[in-house]
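Since this is a predicted model, take the numbers as computed values, not measurements.
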Amino acid sequence: MYFFNKKIKAFIVVIAIMSLICFISIATKSNEFKHEFYSKLIENRNPNIELKVAILDSGISPDLNLNLPIYRYNFTDSEDGSDNTGHGTAITNLIIETAQLSSTNTKIYSLKVLDDKGYGKNESVIEAIEWAIKNKMNVINISFGFKHENEKLKQKIEEAINEGIIIIASGGNTFGFSTEYPAAFENVIAVSALDGNKIADYAAKDNIDYFTNGTNIHVDLGLDTRIESGSSIATARVTALVILLLQNDNNLLNEKNVYYSLNKKLNKYANLVEGESIS
């Protein structure tokens, strides 16, 4: 009788584990981009379409040779818009290289909102978004996030979206816990990272719109190169795809609901990716 009870308990445990795996798989379904479409979009785009892309980050290194004009603005207490962490430089270069923007009519605006130690304040981000609205940016990349919701930041994000600005933000490296802000806000394109063909262990998984590879990516910092991983890297890659889609459709920016129209196009270049399972 004791042996029989042990078998029943073991069976119940197995069923519980299988149910948990199924739950994780269903709960983390999202979109993974098929990267073979990047080259097709580059080939078919109109490089003369004027786009303004704001990259809110830690600035950009003056040593990076991009063959593309970069406009630098500083919203921190640092002396200038230079990048002392390498993060903003990596994100900026990754967007430019992935979308091959050097021969296009795309203007890149580096808005330094993270200080020289890589820390940021809601106030700096709000100020930078206000600047982006006034200067009619088309796209904003935010490859970082805050753990806690801020009502003033939410309102400024909503204002930017209502002005037709497309915002792509990192869900964060939260190891499967809550998505960070502003990615968690409505109508912000929330991005997290894959590691190979599965969701990265370090990645946010809750309320993510799109997953793409963000693990072991080679980045150029000007005088140095390194391998980086993170949802911030994945976000830059999705921003590059958004830029390419805009260059392929001259009318997309004039859509009344550009967020909805853009997501319809993004979904054409994506497929469902299952959550990780135990092998």
Side-chain angles (χ1 to χ4, degrees), residues 31-57 60 64 66-72 88-111 128-129 132-133 135-144 160-161 163-170 182-183 187-191 193 209-214 217 219-220 231-255 257-270:
N31 290 308
E32 172 198 6
F33 290 113
K34 304 172 184 177
H35 292 291
E36 61 265 28
F37 290 108
Y38 277 83
S39 57
K40 185 176 180 181
L41 287 169
I42 290 170
E43 179 183 351
N44 294 331
R45 70 178 167 196
N46 178 358
N48 296 317
I49 292 177
E50 182 177 349
L51 293 175
K52 293 182 176 181
V53 179
I55 301 172
L56 277 61
D57 216 286
I60 186 170
L64 194 63
L66 295 169
N67 295 317
L68 187 73
I70 305 290
Y71 304 92
R72 297 172 172 85
T89 301
I91 296 303
T92 302
N93 195 38
L94 189 56
I95 292 171
I96 292 171
E97 284 193 347
T98 303
Q100 296 184 21
L101 297 177
S102 59
S103 60
T104 70
N105 194 18
T106 302
K107 294 180 173 62
I108 301 294
Y109 297 82
S110 175
L111 309 187
I129 294 173
I133 295 170
N135 289 275
K136 302 186 182 302
M137 298 293 111
N138 303 116
V139 178
I140 294 176
N141 181 94
I142 305 177
S143 281
F144 62 90
I161 290 170
E163 290 294 325
I165 299 176
I166 301 158
I167 301 177
I168 307 100
S170 167
N187 293 333
V188 173
I189 298 174
V191 180
D209 294 310
Y210 300 101
F211 290 93
T212 194
N213 188 21
I217 304 298
V219 294
D220 185 0
S231 294
S232 60
I233 298 294
T235 301
R237 295 167 69 87
V238 173
T239 294
L241 182 56
V242 167
I243 292 169
L244 289 171
L245 289 172
L246 295 174
Q247 290 175 333
N248 273 263
D249 188 344
N250 193 35
N251 297 316
L252 190 56
L253 287 172
N254 297 322
E255 294 279 353
N257 190 337
V258 64
Y259 174 83
Y260 174 77
S261 301
L262 179 63
N263 270 290
K264 284 181 65 176
K265 288 185 175 290
L266 284 170
N267 286 327
K268 291 182 180 180
Y269 295 91

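Here the closest non-hydrogen pair linking Ile168 and Ile166 is CD1-CG2, 3.9 Å. What you find for Ala99 and Leu244 is that their closest heavy atoms are O-CD2, 3.8 Å. The minimum heavy-atom distance between Ala160 and Ile129, with the atom names listed, is CB-CG2, 3.9 Å. Between Ser231 and Ala193, the shortest heavy-atom contact is OG-N, 3.6 Å. Scanning all heavy atoms of the two residues, the minimum distance from Leu56 to Ala128 falls at CD2-CB, 3.9 Å. In terms of heavy-atom proximity, Val258 sits nearest to Leu253 at CG2-CA, 4.5 Å.
Taken to the nearest 0.5 Å, the OG atom of Ser261 stands 6.0 Å off from the CG atom of Leu252. A distance of 7.0 Å separates CD1 of Ile55 from CD1 of Ile60, quoted to the nearest 0.5 Å. In this structure, Leu94 CG and Thr89 OG1 are separated by 12.0 Å, a value rounded to the nearest 0.5 Å. Summarising the geometry, atom CG belonging to Asn263 is positioned 8.5 Å from atom CG belonging to Asn187; distances are rounded to the nearest 0.5 Å. The CD atom of Gln247 sits 8.5 Å away from the CD1 atom of Ile42 when rounded to the nearest 0.5 Å. Separation of atoms CD1 (Ile108) and CZ (Arg72) is listed at 11.5 Å; rounding is to 0.5 Å.
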side-chain hydrogen bond (donor to acceptor under 3.5 Å, both in side chains) between Glu50 and Thr106: does it pass, once the steps are laid out?
CA-CA 6 Å; Glu50 182 177 349; Thr106 302; over 6 Å; no
For Arg45 and Gln100, what are the C-alpha separation, side-chain angles and deciding distance, and is it a side chain to side chain contact (heavy atoms under 4.5 Å, CB included)?
CA-CA 11 Å; Arg45 70 178 167 196; Gln100 296 184 21; 3.9 Å; yes
Show the numbers, then the answer: is there a side chain to side chain contact (heavy atoms under 4.5 Å, CB included) between Leu41 and Leu241?
CA-CA 9 Å; Leu41 287 169; Leu241 182 56; 3.4 Å; yes
How far apart are the C-alpha atoms of Lys265 and Asn248, what are their side-chain angles, what is the distance that settles it, and do they pass the side chain to side chain contact (heavy atoms under 4.5 Å, CB included) test?
CA-CA 11 Å; Lys265 288 185 175 290; Asn248 273 263; over 6 Å; no
Please test Tyr260 against Glu255 for side chain to side chain contact (heavy atoms under 4.5 Å, CB included), starting from the C-alpha separation and ending with a verdict.
CA-CA 9 Å; Tyr260 174 77; Glu255 294 279 353; over 6 Å; no
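Side-chain contact between Met137 and Val53 is absent, with no heavy-atom pair separated by less than 4.5 Å. Ile49 has its side chain out of reach of Asn105: every pair of non-hydrogen atoms, C-beta onward, lies at least 4.5 Å apart. Side chains of Thr98 and Tyr38 form a contact here, defined as non-hydrogen atoms less than 4.5 Å apart. Side-chain contact check for Thr235 versus Asn141: some heavy-atom pair is nearer than 4.5 Å. Between Ile243 and Leu51 there is a side-chain heavy-atom pair separated by less than 4.5 Å. Contact annotation: the side chain of Asn93 never approaches that of Val219 to less than 4.5 Å [non-hydrogen atoms, C-beta and beyond]. Two residues are said to be in side-chain contact when any heavy atoms from C-beta on lie closer than 4.5 Å; Ile142 and Pro182 meet this criterion. A 4.5 Å side-chain heavy-atom check between Ile189 and Tyr210 finds at least one atom pair inside the cut-off.
In terms of modelled atom types and a separation under 3.5 Å, the side chain of Ser143 and the main chain of Ser232 share a donor-acceptor contact.
Of the residues listed (Leu245, Asn257, Val139), the one engaging Leu262 in a side chain to side chain contact (heavy atoms under 4.5 Å, CB included) is Leu245, and it is the only one.
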